[in-house]
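Data block below; observations after.
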Amino acid sequence: MTVRRPTRRTTRPTVGIVGLGYMGLATGLAFAARGLSVHAFDIKPEIRAAVAAGRTPYHEAGLARLLQDQLRAGRFGVVDSVATLAERSEGLFLCVPTPSRPNGEIDLGPLRRSAEEVAEALRPVRGFRLVVVKSTVVPGTTESVVAPIVSERSGRTGAGLGIASNPEFLAEGTMVRDAVEPARIVIGTSDARSRAWLERAYRPFRAPVFALTPSGAELVKYASNSFLALKVSFANEIARLSDRLGVNVDAVIQAVGHDPRIGDRFLKAGPGFGGSCFDKDVRALVHRAEELGDRFRSGDAALRINDDQLAYVLDRVRSAVGPLRGKRIALLGLAFKDGTDDVRESRAIPIAEALFSEGATVRAHDPVAVENFRRAWTPPNGTGAGELVLVATVPEALEGADAAVLQAAWPEYLRWPGAWTRRMRVPLLLDLRRALDRGRARRVGLTVIGLGAGDPAGTPPPRPGASP
Ligand code: UGA
């Protein structure tokens with residue numbers, strides 16, 4: 001006789017994702033990979049269809065594979081309405097965009113709308129439901145904006161409804177790892193049940209959990225991004241001083257960072273920070289500080305230094321190449337960093353605009369971001385307008401070039417063969433990331449001016465035999 005052991009009910013929390021952008025998708029898939037049951041919804045039918053078919057609408061290493069695995073395992077599924085999502089999932093994670101307004105404030109329109117929709121959908125549902133704000137929102141938003149919408153529209157109160165903040169810390173290019181193996185989890189709740197639910201949902205991740213109030217959790221997100229932005233801006237100022245002093249900023253930072261109180265991570269000088277988060281988040285916290293009757297000077301400094309860094313990049317290009325009118329410049333790397341196809345706040349955009357406005361022909365290349373760049377590009381008005389040509393290969397970008405500018409350090413650029421140099425009229429590379437190995441550059445006959453590397457910024461002679 002077989003004895004059936006009583007099965008212990010181990011009901012795992014069920015997760016609902018509202019918004020399948022980079023972040024919502026990675027978040028949902030990470031929960032699924034950790035064994036939770038995840039339902040996902042996006043307002044755009046084409047995104048729902050793509051994701052349901054195992055296609056990610058974004059270039060992100062490992063994301064498509066994770067999606068296909070989790071769809072196959074039956075732990076991740078796409079639903080066609082918020083009503084179905086609300087019925088099937090206990091924890092509803094709002095992962096919608098919070099774009100910036102010109103004054104630095106964030107636009108809460110999409111978040112309000114999704115909170116309203118979720119709240120309406122909660123009316124007929126029985127059992128506890130938790131609405132979690134994962135979108136990046138300024139401190140105070142979950143409690144003063146989202147909570148009232150959700151409780152009023154859902155008609156729920158007390159024990160049946162929880163509201164929480166749970167910011168994410170995913171960086172593009174390493175999103176899958178960051179989501180599946182987070183360094184820390186931050187949750188902001190104002191009641192014990194919501195906190196317990198989130199702790200249970202995150203238990204399989206085995207990461208340290210920091211439990212705060214909703215405003216506290218929201219501030220952690222902004223303080224983190226502001227500090228990271230400040231580190232980059234700090235490194236960029238040291239890079240400019242390094243150039244003036246003829247020393248290499250990487251050697252300086254390496255030695256500085258060896259002090260364990262400082263560390264050398266996230267102190268890599270470059271063209272300035274880009275991406276959809278740093279500029280937006282720092283500006284939002286500067287604005288929020290003003291609303292609160294205070295100042296956020298370090299955030300303000302990080303932003304100003306970032307502007308200065310762009311001007312500095314352009315000065316370096318001008319002093320290396322001379323007047324830009326009629327010159328041909330290869331722009332390598334259009335994404336805001338390598339490893340992503342995202343061009344939001346990419347330094348490639350203002351660099352291309354400036355070169356174009358000053359009359360240069362820009363031949364631009366990126367292994368994956370060309371289409372996004374094409375959509376983001378509007379030729380600047382004004383006199384001296386040059387030309388922008390998007391090309392499919394690096395040799396096409398380098399053809400007859402008076403210089404190349406390396407904006408994002410894609411690995412394929414770092415393999416620079418001699419044949420590439422021979423395409424150029426002047427064998428000169430402005431390496432904004434100091435990524436190309438100097439030994440290789442010498443071997444392939446390329447003069448490199450590394451931003452912050454202390455190189456003299458004069459113009460090298462044209463390649464012998466190159467046509468003018
Ligand atoms: C950033 C944060 O790293 C994430 O933790 C955060 O979750 C995310 O913003 C967000 O708020 O959603 P991301 O914007 O994808 O992630 O990219 P980062 O790798 O942080 O790079 C931001 C910018 O700083 C890039 O332009 C990068 O090139 C630049 N950077 C970064 C440097 O110039 N030097 C460095 O040492 C590091």
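Whatever order the structure lists ligands and atoms in, that order sets their numbers, starting from 1.
- If you look at Asn225 next to ligand 1, the close heavy atoms, those under 4.0 Å, all belong to the side chain.
- With Asp455 as reference, Arg438 is the one residue of Arg434, Arg438, Arg244 to meet the salt bridge (charged side-chain N to carboxylate O under 4.0 Å, His left out) rule.
- Once rounded to the nearest 0.5 Å, the distance linking OG of Ser346 with CZ of Phe373 reads 7.0 Å.
- Between Glu218 and Lys221 no salt bridge is recorded (no basic side-chain N to carboxylate O distance below 4.0 Å).
- In terms of polar-atom proximity, defined here as any N/O pair under 3.5 Å, Thr136 makes no such contact with ligand 1.
- Between Phe93 and Phe31, the two ring planes are tilted [angle within 30° to 60°].
- With respect to atom 9 (O) of ligand 1, the closest heavy atom belonging to the protein is Cys277 CB, 3.5 Å.
- Taking every heavy atom of Ala171 and a limit of under 4.0 angstrom, the matching atoms of ligand 1 come to 3 (O), 15 (O), 16 (O).
- Under a 4.0 Å criterion applied to the non-hydrogen atoms of Leu267, ligand 1 contributes the atoms 36 (O).
- For atom 35 (C) of ligand 1, the closest heavy atom belonging to the protein is Lys268 O, 3.6 Å.
- Scanning the protein for heavy atoms near atom 15 (O) of ligand 1, the closest one is Glu172 N, 2.7 Å.
- Below 4.0 Å from some heavy atom of Lys337 lie the following atoms of ligand 1, by number and element: 13 (P), 15 (O), 17 (O), 18 (P), 19 (O), 28 (O).
- Classification of Arg75 and Asp69 as a salt-bridged pair fails, no side-chain N sitting under 4.0 Å from a carboxylate O.
- Donor-acceptor pairing under 3.5 Å is recorded for the side chains of Lys280 and Thr98.
- In this structure, Arg433 has a heavy atom closer than 4.0 Å to ligand 1.
- Some N or O of Glu168 is nearer than 3.5 Å to an N or O of ligand 1, by distance alone.
- Here's the thing with Gly274: one of its N/O atoms is less than 3.5 angstrom from an N/O atom of ligand 1.
- Between the side chains of Arg240 and Gln309, at least one donor-acceptor pair of N or O atoms lies under 3.5 Å.
- Those atoms of ligand 1 with a heavy atom of Phe273 less than 4.0 angstrom away are 23 (C), 24 (O), 26 (O).
- At least one heavy atom of Lys221 sits closer than 4.0 Å to an atom of ligand 1.
- The shortest N or O to N or O distance between Leu170 and ligand 1 is under 3.5 Å.
- Ligand 1 does not have Gly275 within reach: every non-hydrogen atom of the residue lies 4.0 Å or more from it.
- Note that Arg288 lies outside the cation-pi zone of Tyr222, set by a 6.0 Å cut-off to the ring centre and a 45° limit from the axis.
- A donor-acceptor contact under 3.5 angstrom links the side chains of Ser194 and Asp191, judged on distance only.
- Scanning the protein heavy atoms around atom 30 (N) of ligand 1, the nearest turns out to be Val232 CG2, 3.8 Å.
- For the residue pair Tyr312 / Asn236, no side-chain donor-acceptor distance below 3.5 Å is found, with atom types taken as modelled.
- Glu396 and Thr393 are linked by a side-chain donor-acceptor pair at a separation below 3.5 angstrom, with hydrogens and angles left out of the test.
- Considering only non-hydrogen protein atoms, atom 25 (C) of ligand 1 sits nearest to Phe336 CD1, 3.6 Å.
- At distances below 3.5 Å, at least one donor-acceptor pair connects side-chain atoms of Arg34 with backbone N or O atoms of Pro204.
- When non-hydrogen atoms are compared, ligand 1 lies under 4.0 Å from neither the backbone nor the side chain of Arg344.
- For atom 22 (C) of ligand 1, the nearest protein heavy atom (residue, atom name, distance) is Phe278 CE2, 3.6 Å.
- Annotation for ligand 1: atoms under 4.0 Å from non-hydrogen atoms of Phe266 are 18 (P), 20 (O), 31 (C), 36 (O), 37 (C).
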